[in-house]
> 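Can you read through this structure? Questions will come right after.
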Amino acid sequence: MSGHGNPIPMISRKCGPLKGVANVPGDKSISHRSLILGALSVGKTEITGLLLGEDVLDTAKAMRAFGATVVDHGEGNWSVEGVGVGGFKEPENVIDCGNSGTGVRLIMGCMATSPITATFTGDASLNSRPMGRVTDPLALFGAKSYGRKGGRLPLTIVGAENPVPVTYATPVPSAQVKSAVLLAGLNAPGKTVVIEKEATRDHTERMLVGFGAELTVETTEEGRVITLTGQPELKAQKIVVPRDPSSAAFPVCAAIITEGSDVLVPNIGLNDTRAGLFTTLREMGADLEYENLREEGGEPVADLRAKYSPNLKGIEVPPARAASMIDEYPVLSVVASFAEGDTVMKGVKELRVKESDRIDAMAKGLRAAGVEVDEGDDWWIVKGRGFGNVEGGVTVESRLDHRIAMSFMVMGMATNKPMSVDDGSPIATSFPIFEPLMADLGAAIERSNP
């Protein structure tokens with residue numbers, strides 16, 4: 001399956017109980033950062049469990065282009081021989097980041113304070129996404145950017161020859177923006193400070209400390225204040241990547257809405273800034289348990305057991321939880337369709353500028369399947385119909401968005417009629433084993449003729 005190739009129509013039908021163990025891929029956020037921080041370190045970083053999705057593979061190619069030695073040893077084992085902070089060379093060709101907003105924004109950050117020039121592009125979806133939210137703060141360091149209207153890709157960044165440290169308050173809750181600024185601050189003298197009003201996923205901060213950076217985090221009246229001392233010597237690490245909670249969302253939610261299901265998803269990262277979906281599902285009445293809670297590589301992990309949950313109730317998801325589950329709202333809206341009552345989701349405007357406008361994409365697909373949805377710029381409400389009352393029987397546009405495609409494939413497992421998507425190829429960007437994994441559990445998902 002290729003997110004860069006021809007469209008792959010897919011169909012999902014009601015199936016029997018989902019049973020078994022779902023070994024989902026490694027965490028995408030941590031995989032990106034492992035490669036990038038490995039490239040900025042001195043010595044050889046060894047990575048186990050790296051996600052082999054196209055987004056991460058594109059980041060690996062980019063790190064090679066900037067001079068790091070990145071080697072795939074097979075079965076998710078990789079090594080990165082770094083060039084050190086400030087050691088990036090100028091790439092010879094355009095950097096293609098495919099579908100990955102995380103990859104391109106983080107890479108822009110870590111090259112913006114070196115005196116080199118790089119041009120970035122991506123697929124049709126990535127090239128439509130706004131980059132000004134990253135290039136604006138990078139300009140404060142002294143970097144210059146030249147892109148299409150609205151700061152869109154293809155875009156060239158001319159790195160700062162004499163970077164200066166900055167203090168930056170993020171205007172929107174975005175781990176990508178925060179991370180880009182911190183990575184830029186690595187090669188700037190003095191202290192770079194990022195202030196975020198709402199906490200976002202903190203993998204970058206955790207991993208920077210793990211690689212030897214001097215970084216502090218304080219909670220103040222202004223918000224969460226992160227202070228990084230620039231120009232450290234990062235030291236190579238051994239990293240075990242936990243499994244991705246965003247990928248785990250799909251077999252977990254599928255089990256919850258598929259009668260008789262009992263699925264175990266082992267070794268899932270439960271970082272507080274990532275696990276909002278699981279908290280929300282439990283509040284809705286989902287039978288979801290954490291087993292074998294533990295810590296690995298500085299990240300909390302557990303095995304999740306998800307069972308069919310026929311008594312789901314709609315709830316209002318606290319807006320403050322949005323940052324910890326922003327990528328999971330599409331599949332949450334599918335679960336909400338089978339609940340009794342309204343599920344209210346506020347503070348989610350970030351969904352409008354993901355790989356697609358995810359509120360619009362999900363709302364149109366859910367309505368076509370017989371579910372009532374209300375929406376605004378920063379909120380949406382799914383009016384649950386209860387089990388047995390969601391008709392389905394439609395084809396939905398995936399809009400080059402992996403999470404839209406997988407969400408409607410999950411939905412088809414419990415609708416009265418099958419659900420189809422026009423193109424499942426983007427799934428490969430984050431969850432390349434989605435089809436065989438779901439098939440092993442008992443799902444009836446097939447590729448269909450165009």
Side-chain angles (χ1 to χ4, degrees), residues 29 32-33 36 55 58-59 62 91 94-114 116-161 163-188 192-198 200-201 204 223-224 226 228 322-323 326-327 347-361 377-378 399-401:
S29 296
H32 280 301
R33 288 160 174 82
I36 291 170
D55 282 4
D58 286 333
T59 293
V94 173
I95 303 296
D96 187 345
C97 290
N99 189 249
S100 181
T102 299
V104 72
R105 290 177 175 130
L106 268 58
I107 297 166
M108 285 178 177
C110 62
M111 61 77 53
T113 47
S114 294
I116 59 175
T117 298
T119 299
F120 298 88
T121 191
D123 66 9
S125 171
L126 187 62
N127 285 1
S128 70
R129 298 174 67 180
M131 294 296 147
R133 58 174 54 187
V134 169
T135 56
D136 288 350
L138 295 183
L140 301 176
F141 288 96
K144 298 177 181 178
S145 61
Y146 305 91
R148 292 192 301 128
K149 185 177 181 181
R152 287 171 166 77
L153 304 182
L155 183 146
T156 296
I157 290 186
V158 180
E161 290 195 15
V164 294
V166 307
T167 296
Y168 187 72
T170 56
V172 295
S174 169
Q176 294 176 359
V177 174
K178 170 183 67 178
S179 298
V181 175
L182 290 174
L183 291 171
L186 281 174
N187 200 38
T192 288
V193 180
V194 179
I195 304 166
E196 52 178 5
K197 294 178 182 178
E198 298 178 36
T200 62
R201 59 184 64 176
T204 301
R224 191 166 174 269
I226 307 149
L228 172 74
I326 195 68
D327 287 328
V348 292
K349 61 185 176 183
E350 188 71 7
L351 289 170
R352 297 282 188 189
V353 291
K354 286 289 188 175
E355 282 84 337
S356 67
D357 180 338
R358 286 179 171 164
I359 294 176
D360 184 69
D377 288 344
D378 195 29
R399 304 192 189 184
L400 294 176
D401 192 324

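This is a predicted model, so every value here is computed, not measured. Throughout, numbering of the chain's residues begins at 1 and tracks the sequence.
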> How far does CD1 of Ile107 sit from OG of Ser179, to the nearest 0.5 angstrom?
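Here the interatomic distance stands at 12.5 Å.
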> In Å and rounded to the nearest 0.5 Å, what is the OG1 to CD1 distance from Thr59 to Ile95?
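Spacing of OG1 (Thr59) from CD1 (Ile95) equals 10.0 Å.
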> Rounded to the nearest 0.5 Å, what separation is found between the OG atom of Ser114 and the CD1 atom of Ile157?
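Nearest 0.5 Å value for the OG-CD1 distance: 11.5 Å.
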> What's the separation between atom CD1 in Ile359 and atom NZ in Lys354, rounded to the nearest 0.5 Å?
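Spacing of CD1 (Ile359) from NZ (Lys354) equals 12.0 Å.
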> I need the minimum non-hydrogen distance between Leu183 and Ile36, along with the two atoms involved.
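Looking at all heavy atoms of both residues, the closest pair is CD1-CG2, 4.3 Å.
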> Listing request: all side chain to side chain donor-acceptor pair (under 3.5 Å) pairs with a residue in residues 130-157, at least two apart in sequence or in separate chains.
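As it turns out, the side chain to side chain donor-acceptor pair (under 3.5 Å) pairs with a partner in residues 130-157, which skip direct neighbours, are Thr119-Thr156, Arg133-Glu350.
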> Side-chain contact test, heavy atoms from C-beta onward, threshold under 4.5 Å: evaluate it for Pro137 versus Val181 and give yes or no.
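Yes, close enough: below the 4.5 Å cut-off.
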> Please give me the minimum heavy-atom distance between Ala118 and Pro91, naming the atom from each residue.
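Scanning both residues completely, I find the closest heavy atoms to be CB-CG, 3.8 Å.
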> In sequence, state the C-alpha distance, the side-chain angles, and the governing distance for Arg129 and Asn99, and then conclude on side chain to side chain contact (heavy atoms under 4.5 Å, CB included).
CA-CA 10 Å; Arg129 298 174 67 180; Asn99 189 249; 5.8 Å; no
> Could you pull out the closest heavy-atom pair between Gly122 and Asp96, with the gap in Å?
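Of all heavy-atom pairs spanning Gly122 and Asp96, the closest is CA-OD1, 3.6 Å.
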> Scan residues 166-176 for pairs that pass side chain to side chain donor-acceptor pair (under 3.5 Å), counting only residues two or more places apart or in two chains.
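Output for this query lists Thr102-Gln176, Arg105-Gln176.
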> Answer yes or no: is there a side-chain heavy-atom contact under 4.5 Å between Glu196 and Val177?
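Result no, sub-4.5 Å side-chain heavy-atom pair not found.
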> State which residues pass side-chain contact (heavy atoms from CB on, under 4.5 Å) with Pro165; sequence neighbours excluded, sorted by chain then number.
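With neighbours one apart ignored, the set is Pro189, Thr192.
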> Run the side-chain contact (heavy atoms from CB on, under 4.5 Å) test against Ala175 and tell me which residues pass, sequence neighbours left out.
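Applying side-chain contact (heavy atoms from CB on, under 4.5 Å) to Ala175 gives Arg33, Thr200, Arg201.
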> Would you please test Asp360 and Arg352 for side chain to side chain contact (heavy atoms under 4.5 Å, CB included) and show each step?
CA-CA 8 Å; Asp360 184 69; Arg352 297 282 188 189; 4.0 Å; yes
> Does Ser356 have any side-chain contact (heavy atoms from CB on, under 4.5 Å) partners at least two apart in sequence or in another chain, and if so, which?
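If we apply the side-chain contact (heavy atoms from CB on, under 4.5 Å) test to Ser356, skipping adjacent residues, the hits are Arg358, Ala361, Arg399, Asp401, Ile404.
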> Check this for me, if you would: do Arg224 and Glu198 make a salt bridge, where the nitrogen-to-carboxylate-oxygen distance has to be below 4.0 angstrom?
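A salt bridge is absent here (no side-chain N lies under 4.0 Å from a carboxylate O).
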> First locate atom CG of Leu106, then atom NZ of Lys178, and finally report the distance between them rounded to the nearest 0.5 Å.
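Between Leu106 CG and Lys178 NZ, I get 10.5 Å after rounding to 0.5 Å.
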> Quick one: closest heavy-atom pair of Leu153 and Asn127, and the distance?
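The pair with the smallest heavy-atom distance is CB-OD1, 3.2 Å.
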> Could you tell me which residues satisfy side-chain contact (heavy atoms from CB on, under 4.5 Å) with Ala180, sequence neighbours excluded, listed by chain and number?
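Result, side-chain contact (heavy atoms from CB on, under 4.5 Å) vs Ala180: Val134.
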> Does Leu228 reach the side chain of Leu186, with side-chain heavy atoms less than 4.5 Å apart?
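In contact.
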> Rounded to the nearest 0.5 Å, what separation is found between the CG atom of Leu400 and the CD atom of Glu355?
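Reported to 0.5 Å precision, the distance equals 10.0 Å.
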> If every non-hydrogen atom of Gly347 is compared with every non-hydrogen atom of Ala322, which pair is closest and at what distance?
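Looking at all heavy atoms of both residues, the shortest contact is O-CB, 3.5 Å.
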> Of all the heavy-atom pairs spanning Thr204 and Leu182, show the shortest one and how long it is.
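Shortest heavy-atom separation between Thr204 and Leu182 comes out as CG2-CD1, 4.3 Å.
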